[in-house]
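Note sheet for the following structure.
Read the numbers this way: they start at 1 and go in the same order the structure lists the ligands and their atoms.
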Amino acid sequence: MLDQITELQEAGLRAVAAATTTDALEELRVGLLGRKAELPNLLRGVRDLPPDQRGPAGKAANEARQAIQSAIDERVATVAAAELDVRLRAERVDVTLPGRPEPVGGLHLLTRVRRQIEDVFLGLGFDVVEGPETETVHHNFDALNHAPNHPARDPGDTFYLAPSTVLPPLPAAAGAPTTADGGPLTRLLRTHTSPMQVRIMEREDPPVAVIVPGRVYRPDSDATHTPQFHQVEGLWIDVDITLADLKGVLLSFARAIFGEEREIRLRPHFFPFTEPSVEIDVSCHLCGGTGHRTDVAGHPRCGLCKGTGWIEILGSGMVDPNVLTAVGRPAYDPERVQGFAFGMGIERIAMLRYGLDDLRPLYENDLRLLGQLA
Ligand code: PHE
C-alpha cells in the first residue's frame with residue numbers, strides 16, 4: 001500500500017505542476033482529494049490492514065494528501081496571479097481617451113447669441129434688465145416721440161390689445177388709431193424694446209447704462225420676419241455722452257461678435273426717438289469687407305453683403321430731447337444730461353453670424369438642424 005500511496009502522490013504532484021488554470025486546479029482538487037478520489041479511498045482502507053501496518057500507511061496517506069493539498073494551494077496562488085495579470089491587461093481602460101458623453105441637449109442658438117451679446121455689454125459696464133411684453137401705447141409710441149398718425153401705429157403693423165375690462169383705463173392721444181367703433185386703443189404687444197428706455201428713466205436716476213433683451217411683436221411673416229422676434233435695446237445716459245461714445249461702444253460690440261478685424265460705419269437714418277439717428281453697418285466678415293470672395297475661385301461677388309463690403313446690424317442715435325422731456329423728471333433735463341440708444345434684432349445677428357438665409361427653421365425646433373448651429 002505504501003508504494004501505491006507514493007505513486008498516487010507523485011502522479012498527483014506532477015498533474016498539479018502541469019496545470020495552468022485555476023479551473024484545472026479545482027478539477028484536480030476534486031479528482032485527487034474529493035470524496036470519490038483514490039487517495040481518500042485508500043485512507044479509508046487503512047483500518048482493514050494488519051495492526052502493525054496501519055500506523056505507517058495512515059501516516060503516509062495523510063502526508064500524501066497534505067502534500068497534494070499544499071501543492072494545489074501554491075499552484076493556485078501562482079496561476080491566479082497570472083490570470084489576473086492577463087485580465088487586467090485585456091480590460092485596461094485608457095483614461096487619456098476623450099469621453100463619449102450621451103448628448104444631453106444644449107441651449108437654443110437664439111439663447112446663445114443673446115447671452116453672447118449680454119456678455120459683451122456686461123463687460124462694458126452695462127446692466128441687463130427686462131421689461132413687459134404688453135405695453136402701453138404711451139411707452140411704445142407717445143413717449144418715444146411718434147406723431148399720432150405715425151405709420152408704425154397702424155393696426156396692420158402693431159398688435160393692439162382689446163380694451164381691458166380689468167385694467168384701469170388709460171388716456172389715448174387724439175388722432176391715434178382706435179377700435180372699429182372708435183374706442184381707445186391704449187395697450188399693445190410691444191413692437192420694439194425701446195419703451196424700456198422710458199421705463200428705466202422713469203424709475204432710475206442718471207447715470208444709467210443698460211441693455212434690455214426681450215421678445216417683441218409685429219404682424220410680419222416671411223423668410224426673414226416672424227410675428228414674434230427678439231431685440232436687445234441699449235441705453236446710456238449721463239452728462240457729456242456723445243456720438244463718439246456710441247461709436248466706441250458699438251465698435252467694441254461689433255468686434256466681439258463678428259471678429260477683431262471688423263470696422264463699423266455710421267449711416268444717417270431716421271427714428272422718431274433719436275436725433276441724430278444712425279444705422280450701424282459692420283464690415284462684412286465673409287469677404288473681409290472687400291465685397292468679393294477672395295477665398296473662392298474666380299473671386300465672385302460676396303453674397304452676404306451683396307458686394308458692398310458692409311452689413312447693416314442695428315439702429316441707433318442720440319436720445320431725442322423730446323424723449324427725455326416726456327419722462328417728466330427733472331433728473332432728465334435735456335439741458336443737463338444726454339446719451340445714446342440702440343436697438344438690434346437678435347435673429348438678425350444670429351443669421352449673419354451663422355450664415356442663415358431663413359429664420360423660420362429657428363422656430364421649428366428640428367434638432368437635426370439646431371444641433372448643427374453649435
Ligand atoms: N427701436 C428701433 C427698431 O425697432 C431700433 C432703435 C432703438 C433705433 C434705439 C434707435 C435707437 O427698429
Side-chain angles (χ1 to χ4, degrees), residues 114 117 121 124 126 128-133 135-147 150-154 156-159 188-201 208-220 224-238 241-243 245-250 253-254 264-282 311-324 326-327 332 334 337-352 359:
R114 171 174 58 74
I117 296 169
F121 285 103
L124 292 169
F126 286 70
V128 181
V129 298
E130 288 183 37
E133 292 171 27
E135 259 299 0
T136 64
V137 169
H138 171 77
H139 287 97
N140 196 87
F141 289 131
D142 301 345
L144 289 172
N145 204 33
H146 287 70
H150 190 281
R153 296 185 187 242
D154 190 280
D157 289 317
T158 295
F159 291 111
L188 44 70
L189 295 180
R190 65 179 176 189
T191 60
H192 51 176
T193 42
S194 300
M196 273 304 285
Q197 291 181 30
V198 180
R199 287 188 180 275
I200 286 153
M201 291 190 281
V208 292
V210 295
I211 60 162
V212 187
R215 293 188 189 89
V216 300
Y217 301 83
R218 290 179 202 176
D220 275 343
T224 54
H225 299 86
T226 47
Q228 179 244 250
F229 59 107
H230 299 80
Q231 286 189 335
V232 177
E233 192 78 9
L235 177 72
W236 186 1
I237 305 281
D238 200 343
I241 298 291
T242 70
L243 206 60
D245 297 305
L246 181 156
K247 185 169 183 187
V249 164
L250 293 179
F253 161 75
I264 61 169
R265 71 175 181 187
L266 280 56
R267 222 169 359 89
H269 198 71
F270 176 81
F271 297 104
F273 40 95
T274 46
E275 182 60 34
S277 300
V278 290
E279 275 193 328
I280 304 287
D281 295 343
V282 61
I311 300 171
E312 179 209 323
I313 53 167
L314 56 86
S316 64
M318 300 305 291
V319 174
D320 192 301
N322 288 348
V323 175
L324 299 175
V327 172
Y332 285 93
V337 294
Q338 55 281 121
F340 64 80
F342 58 86
M344 69 182 89
I346 299 182
E347 280 81 355
R348 179 165 176 78
I349 303 289
M351 289 172 75
L352 292 171
L359 71 79

Going by atom types only, do T191 and N140 share a side-chain donor-acceptor pair under 3.5 Å? yes
Restricting to ring pair (Phe, Tyr, Trp, His ring centres under 6.0 Å), what partner residues turn up for F271, sequence neighbours left out? H269, F273
Taking the ring of F253 and the ring of F126, is the distance between their centroids below 6.0 Å? no
Any donor-acceptor pair under 3.5 Å from Q231 side chain to T193 backbone: yes
Would you please name every residue forming a side chain to side chain donor-acceptor pair (under 3.5 Å) with D281, sequence neighbours left out? R265, R267
Counting only non-hydrogen atoms and a 4.0 Å cut-off, the residues near ligand 1 are H192, S194, Q197, R218, Q231, E233, F271, F273, T274, G315, S316, A341, F342, G343
Tell me, please, which residues at least two apart from P321 pass side chain to side chain contact (heavy atoms under 4.5 Å, CB included). P334
